[in-house]
Amino acid sequence: MRIISLLFLCLAFSFALDLQVRKDLLNGYQVDLPSGWGAKMDSYGLVLSDGYSFVLIRGSSKRDKKELIETLVKEARLLSRGGQIRAAYKDTKNSTILYMEGLQYPYAFLEPNMQMYMYNVSVPQDYRTLHYLLSSNKVWLLVSVYMPSGVSDSMKEDLKKVLSTITFLPASQRLPWRYQQITDPYNGMLAVKIPVPQGFSIKGGVIDQGTKRWFVYRLDSQKGSISVDLIDINTQGVGGNAMTVLTIDGSSSRQPQPICFRSEEDPVYFALSIDKAVSGKNWNIKYIKDLPESALSKQIEEGTKPPPMPSGRLVSIKKYFLAESDDGALWLGAIRLSGSEYFQGGIVSSYGCFYNMTLRSIKAKKENMDYMLAVNGGVESLTRVNPEWSLHTLKVFTERNRRINQMVREMLKDSQEFNSWMSKSWANVLSDQTYVRDPSTGEVFRLYKNSWETGEFWREPVFQDVILGGVREGSKLQELLQMEGWKKLEESIGGFK
């Protein structure tokens, strides 16, 4: 569960909402993405993918077509088994088509923070690619399609949809931006670079929260805001008593009531209640939907899922929602929650609810929401997490959870032993029996004793075959037994370990 929590952080920066058209004002494009597809801009170019099929769009200043084709062939050999590929090309009226087979899965097109979770994920290893080389006076536009052999009809339809709807925005519609670096104050490492569009201000930093160390931020402008928040909920209850600690972006507070979610919609309403406590706004839910995911993301999550809990269950909730406030503002939010819940029965029952939630929000007036969505598309695409820092946080995360898991195991063991002791104690009280132990020999005896009696047990010192009960503290009998060398026995109605 803890590893999944960190994985959610790495995935949390893609809204991937099922909103049909994806517009990015920072990178200057618009595309109709199929459900489960995402887009990002990296050093290779613009990558659109569902984790199995990839569309790569980039430019090249090479003027010689032969030299450009040689570069693409060399690139393909790096993605192949031992450099063995098969290639063919064809010139058309306005372009050149280059086809190649024998490639492997293009791991390089994944985010570095996704790559470290691919160690036990099975993906196709026989790929082919189509490169479309479109020329102009000064540059080449390269549109490359990478797909596994035996591609399904639905995957072909998704690729066709992406290729037929991608358009580039004119320069007048693009929004200038700059990078803001966020440094980890605990070790001085560069943690992440956040793109800050023109007209926006940023507040953010790395926080140490629970077992994880990650970053949060907020981008503000006159037209709206974009934010990422981390919320942890730890509820523990014993009998009729419960304690809840709520932590938001590193700040913790005790809550008067236990917080345990009973439905998948509850985290959304909880997020709205937190905002109301801070801003005073009343939010009305317009809809709550499942957060679309790529098949690869689901496969990674399944591969990192821990074994079932003996006395509880793992929780995974992924939702997005739209809410409207009384003053006409809109809130589009995405929630990724992982956690666990347990219940330990017995004479004294115990329970716990532990949740790690990442909340990404876009807030704006109705007339500005489309603009803010287009800005958010660029912010998501251009956010750069330092892989070295991410691996360092994973190391810290793993060590902390090792200690916590050990502590939890000891707590559960103690709880089970306590309930066993209580059950045995009540059984002995009701049957007028108790346990006594000779401290000098370690022998344990189960003896008859009325539950209302308060006297002690003493043992004869020579033959040790006589045990006398009902000896009151400070009585003449006690003094006489002490003078004769009798031994006082230890007593426990629940027995001894």
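Keep in mind it's a predicted model, so treat the numbers as computed, not measured.
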Going through the distances and angles, do Asp32 and Lys161 end up as a side chain to side chain contact (heavy atoms under 4.5 Å, CB included)?
CA-CA 7 Å; Asp32 190 352; Lys161 183 177 183 180; 3.4 Å; yes
Begin from the C-alpha positions of Phe54 and Tyr105 and carry the test ring-ring contact (aromatic ring centres under 6.0 Å, His included) through to its verdict.
CA-CA 10 Å; Phe54 298 83; Tyr105 184 85; 5.7 Å; yes
Check the pair Glu75 / Tyr44 against side chain to side chain donor-acceptor pair (under 3.5 Å), numbers first and verdict last.
CA-CA 11 Å; Glu75 180 184 88; Tyr44 288 96; over 6 Å; no
Set out, in order, the CA-CA distance, both residues' side-chain angles and the distance that settles side chain to side chain donor-acceptor pair (under 3.5 Å) for Lys203 and Ser201, then state yes or no.
CA-CA 7 Å; Lys203 292 181 180 179; Ser201 62; over 6 Å; no
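Between Pro148 and Ser53, the closest heavy-atom pair is CD-OG, 4.1 Å. Of all heavy-atom pairs between Leu272 and Ile285, the closest is CD2-CD1, 3.5 Å. Of all the heavy atoms in Ile182 and Gly205, the pair that sits closest is CG2-CA, 3.7 Å. Closest approach of Trp283 and Ala329 over heavy atoms only: CZ3-O, 3.6 Å. Between Ser60 and Leu68, the shortest heavy-atom distance links the atoms OG-CD1, 3.6 Å. Heavy atoms only, all atoms of each residue included: Pro258 and Thr235 are closest at CB-CG2, 3.7 Å.
Between Lys319 and Pro267, every side-chain heavy-atom pair lies at or beyond the 4.5 Å cut-off. The shortest side-chain heavy-atom distance between Asn376 and Leu332 does not fall under the 4.5 Å cut-off. In this structure, the side chains of Met372 and Ile226 come closer than 4.5 Å at one or more pairs of heavy atoms. In this structure, Asp266 and Ile317 have side chains that are not in contact, with every pair of non-hydrogen atoms separated by 4.5 Å or more. Contact of the Pro34 side chain with the Val162 side chain is registered, since non-hydrogen atoms from C-beta on lie closer than 4.5 Å. Tyr52 is listed as a side-chain neighbour of Tyr127, based on a closest heavy-atom distance under 4.5 Å. The shortest side-chain heavy-atom distance between Pro197 and Leu26 falls under the 4.5 Å cut-off. With a 4.5 Å cut-off on side-chain heavy atoms, Leu56 and Leu142 do not count as touching.
To the nearest 0.5 angstrom, Leu296 atom CG is 6.5 Å from Leu110 atom CG. Between Arg81 atom CZ and Gln104 atom CD the span is 5.0 Å, to the nearest 0.5 Å. Rounded to the nearest 0.5 Å, atoms CD (Glu324) and NZ (Lys281) are 11.0 Å apart. Note that OG of Ser164 is 10.5 Å distant from CG of Leu159, once rounded to the nearest 0.5 Å. Here the CD atom belonging to Gln209 is positioned 6.5 Å from the CG atom belonging to Asp249, to the nearest 0.5 angstrom. Of the inter-residue distances, the one linking Thr129 atom OG1 with Leu79 atom CG reads 9.0 Å to the nearest 0.5 angstrom.
Gln299 places a side-chain N or O within 3.5 Å of a backbone atom of Ser122 that can act as its donor or acceptor partner. At distances below 3.5 Å, at least one donor-acceptor pair connects side-chain atoms of Ser273 with backbone N or O atoms of Phe270. Here the side chain of Arg174 pairs a donor or acceptor atom with the backbone of Asn27 at under 3.5 angstrom. For the pair Ser390 (side chain) and Pro387 (backbone), a donor-acceptor distance under 3.5 Å is absent.
Classified by interplanar angle (parallel below 30°, tilted 30° to 60°, perpendicular above 60°), the ring pair Phe215/Trp389 is tilted. Using bins of under 30°, 30° to 60° and over 60° for the plane-to-plane angle, the ring pair Tyr179/Trp177 lands in the perpendicular bin. Aromatic ring orientation, Tyr287 versus Tyr320: perpendicular (interplanar angle above 60°, classes split at 30° and 60°).
Residues forming a salt bridge (Lys or Arg N to Asp or Glu O under 4.0 Å) with Asp275 (at least two apart in sequence, or on another chain): Lys363. A search for side-chain contact (heavy atoms from CB on, under 4.5 Å) contacts involving Arg128 returns Tyr99, Glu101, Met147, Ser149, not counting sequence neighbours.
For the pairing with Glu380, the salt bridge (Lys or Arg N to Asp or Glu O under 4.0 Å) check across Arg22, Lys23, Lys40 returns one residue only, Arg22.
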